[in-house]
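Have a look at the structure below before the remarks.
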Amino acid sequence: MRLTILGGGGFRLPLVYGALLGDHAEGRITHVTLHDLDPGRPAAIARVLADQAAGVPDAPKVTVTTNLDEALRGADFVFSAIRVGGLEGRAADERIALAEGVLGQETVGAGGIAYGLRTVPVAVDIARRVARLAPDAWVINFTNPAGLVTEAMARHLGDRVIGICDSPVGLGRRVARILGADPDTAWIDYVGLNHLGWLRGLRVEGRDELPRLLADPELLGSFEEGRLFGPDWLRALGAIPNEYLHYYYFNREAVRAYREAQQTRGAFLRDQQARFYEEMKRPDAPALATWDRTRAEREATYMAHNREAAGAGERDEDDLESGGYEKVALALMRAIAHNQRTTLILNVRNRTTLSVLDAEAVIEVPCFVDANGAHPVSVAPLPLHATGLVTSVKAVERFVLEASESGSRTTAVKAFALHPLIDSVTVARRLLDDYTGAHPALAYLK
């Protein structure tokens with residue numbers, strides 16, 4: 001089978017290739033095409049992949065191209081991990097928002113809206129090309145904002161596009177580990193939107209073990225989310241929020257920490273990855289070792305500003321393990337290609353899962369996956385406080401989609417102004433003015 005990776009020069013791509021190297025099943029991925037607009041970046045990543053493949057006789061063949069149509073033809077799976085505007089764009093998103101005193105994170109608040117406005121038109125073009133050139137391909141979307149982008153692509157690809165994220169998987173694994181459960185067999189009751197969800201239960205042999213965790217302050221304070229949100233707040237919620245909800249529940253503290261920091265997360269990653277790609281221009285640079293060193297630093301500093309605001313300290317070694325989006329992607333491809341039925345937390349169309357949203361709204365919930373794709377399972381209704389956040393943010397996403405399609409500045413202003421983390425229409429207008437001035441990709445908004 002053939003896998004095409006869009007954003008093939010992305011820094012995290014060796015994680016995906018590493019997962020493929022461990023797959024020796026019949027009908028596995030045998031050819032990987034890296035597509036990127038910048039030929040230098042996938043060339044650097046291809047060197048890392050070559051080091052990974054050393055000594056593996058059946059390693060998938062890797063090719064590199066800057067031609068999108070060429071990359072899509074013949075693909076069985078298309079993995080989308082693009083970043084419109086690059087890390088320089090992310091750094092600008094953060095800087096512009098913080099200057100107005102609001103959050104500029106790449107998927108949450110003003111930064112997520114700006115990123116969505118310039119990403120959705122590109123994602124829609126990709127979806128249309130896939131429908132034309134590779135109509136039988138399945139698209140796995142990791143491009144942020146993942147739920148929004150998946151919904152934009154689903155309007156053209158239907159259920160053949162599925163969004164993935166490692167945040168809920170990582171949360172589920174941490175909670176299972178604390179409770180002494182096997183995360184691969186425990187049932188994780190998780191529901192919401194991408195980067196806006198809650199773990200409401202963890203069932204082992206039919207018994208919900210989450211109440212035991214919530215009743216134990218020592219256990220609650222022993223893992224990432226417990227330190228981030230605090231045991232008292234988790235007990236009050238009766239659930240474990242996705243780490244990104246820290247931006248909502250402790251917004252003032254998060255904004256203050258970001259404003260006081262020497263560098264935003266986007267600026268840090270921009271500079272760090274620039275050093276990596278520059279170092280990889282040296283023919284004698286040890287590709288895999290250089291990448292490993294850079295990745296370790298990246299993981300250790302993840303959400304550092306939020307941990308500082310919460311007084312949570314450094315990340316524990318156990319918490320450095322991500323949810324493994326590459327493992328989710330591989331499990332998803334296996335389930336579809338070989339009808340290896342499994343359950344994964346994914347971003348899919350709602351259908352009738354959450355009654356407060358329409359059928360086309362993309363949500364993040366456990367899904368049964370088989371050869372026919374991903375099917376969301378029935379879940380209990382959201383509590384009122386969660387319903388308010390989910391419906392508000394989904395409304396903002398819909399305005400982003402509408403503005404992207406119509407080019408209407410008025411609709412784009414509505415997206416900013418109605419977000420729960422932006423408290424002024426005047427600020428919303430200034431944000432849009434500043435973002436359109438900084439990003440040529442937003443010139444379509446009139």
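Just so you know, these numbers use all the heavy atoms, side chains as well, and skip hydrogens, waters and symmetry mates. Since the structure is predicted, the reported quantities are computational estimates derived from the model, not experimental observations.
A donor-acceptor contact closer than 3.5 angstrom links the side chains of Asn141 and Thr150. Defined by atom type and a distance below 3.5 Å, a donor-acceptor pair is missing between the side-chain atoms of Asn194 and Tyr244. Between the side chains of Thr342 and Gln340, no donor-acceptor pair is found at a separation under 3.5 Å. Looking only at atom types and distance, the side chain of Thr65 has no donor-acceptor partner in the side chain of His35 under 3.5 Å away. A donor and an acceptor atom, one from each side chain of Asn251 and His246, are nowhere located under 3.5 Å apart.
Legend: residues meeting salt bridge (Lys or Arg N to Asp or Glu O under 4.0 Å) with Arg207, ordered by chain and number and at least two apart, are Glu209. Applying the salt bridge (Lys or Arg N to Asp or Glu O under 4.0 Å) test to Glu405 and every residue at least two apart in sequence or in another chain returns nothing. When the ring-ring contact (aromatic ring centres under 6.0 Å, His included) test is applied to Tyr249, the partners found at least two apart in sequence or on another chain are Trp233. Looking at residues two or more places apart in sequence or on another chain, you find a side chain to side chain contact (heavy atoms under 4.5 Å, CB included) between Arg295 and Phe11, Leu15, Trp291, Asp292, Glu299. In terms of the salt bridge (Lys or Arg N to Asp or Glu O under 4.0 Å) criterion, residue partners of Arg235 (sequence neighbours excluded) are, by chain and number, Asp232. Residues satisfying the side chain to side chain contact (heavy atoms under 4.5 Å, CB included) test with Val56, not counting sequence neighbours, are Leu21, Asp58, Ala59. Among residues two or more places apart in sequence or in another chain, the side chain to side chain donor-acceptor pair (under 3.5 Å) test is passed with Arg270 by Glu88. Legend: residues meeting salt bridge (Lys or Arg N to Asp or Glu O under 4.0 Å) with Arg90, ordered by chain and number and at least two apart, are Glu94, Glu106. Checked against side chain to side chain contact (heavy atoms under 4.5 Å, CB included), Val122 has the following partners two or more places apart in sequence or in another chain: Ile82, Val84, Ile126.
Within the 3.5 Å criterion, the main-chain N or O of Leu219 finds a donor-acceptor partner in the side chain of Asp216. Using a distance-only test at 3.5 Å, with no hydrogens or angles considered, a donor-acceptor pair links the side chain of Thr185 to the main chain of Asp182. Distance alone, capped at 3.5 Å, is enough to place a donor-acceptor pair between the Arg160 side chain and the Asp136 backbone. Asn350 places no side-chain N or O within 3.5 Å of a backbone atom of Val362 that could act as its donor or acceptor partner. Between the Tyr277 side chain and the Gly9 main chain, a donor and an acceptor come within less than 3.5 Å of each other. A donor-acceptor contact shorter than 3.5 Å is absent between the side chain of Asp208 and the backbone of Arg203. A donor-acceptor pair under 3.5 Å links the side-chain atoms of Tyr17 to the main chain of Pro60, judged by distance alone. No donor-acceptor distance shorter than 3.5 angstrom exists from the side chain of Asp189 to the backbone of Leu202, with no hydrogens or angles considered. Remark: side-chain polar atoms of Thr4 are not paired, donor with acceptor, to backbone N or O of Thr33 under 3.5 angstrom.
Contact check for Thr391 versus Leu357: side-chain heavy atoms found under the 4.5 Å cut-off. Looking at Leu196 and Asn242, their side chains never come closer than 4.5 Å, going by heavy atoms from C-beta outward.
For residues 347-356, every residue pair satisfying the salt bridge (Lys or Arg N to Asp or Glu O under 4.0 Å) rule, not counting sequence neighbours, is listed here: Asp159-Arg349, Asp159-Arg351, Arg349-Glu360. Listed by first and then second residue, the side-chain hydrogen bond (donor to acceptor under 3.5 Å, both in side chains) pairs that reach into residues 71-81 are Ser80-Thr143, sequence neighbours excluded. The stretch residues 110-129 participates, sequence neighbours left out, in these side-chain hydrogen bond (donor to acceptor under 3.5 Å, both in side chains) pairs: Asp69-Arg129, Asp93-Arg118, Arg118-His439, Asp125-Arg129.
The residues Lys327 and Asp23 are annotated as not salt-bridged, no charged nitrogen and carboxylate oxygen being separated by less than 4.0 angstrom.
Between Phe229 and Phe250, the ring planes lie tilted relative to each other; the angle falls in the 30° to 60° range.
The minimum heavy-atom distance between Ala110 and Phe416, with the atom names listed, is O-CE2, 3.6 Å. The nearest pair of heavy atoms linking Tyr325 to Ile164 is O-CD1, 3.7 Å.
In this structure, CD in Glu364 is found 5.5 Å from SG in Cys165, a value given to the nearest 0.5 Å. Leu193 CG to Leu354 CG: the interatomic distance, rounded to the nearest 0.5 Å, is 8.0 Å.
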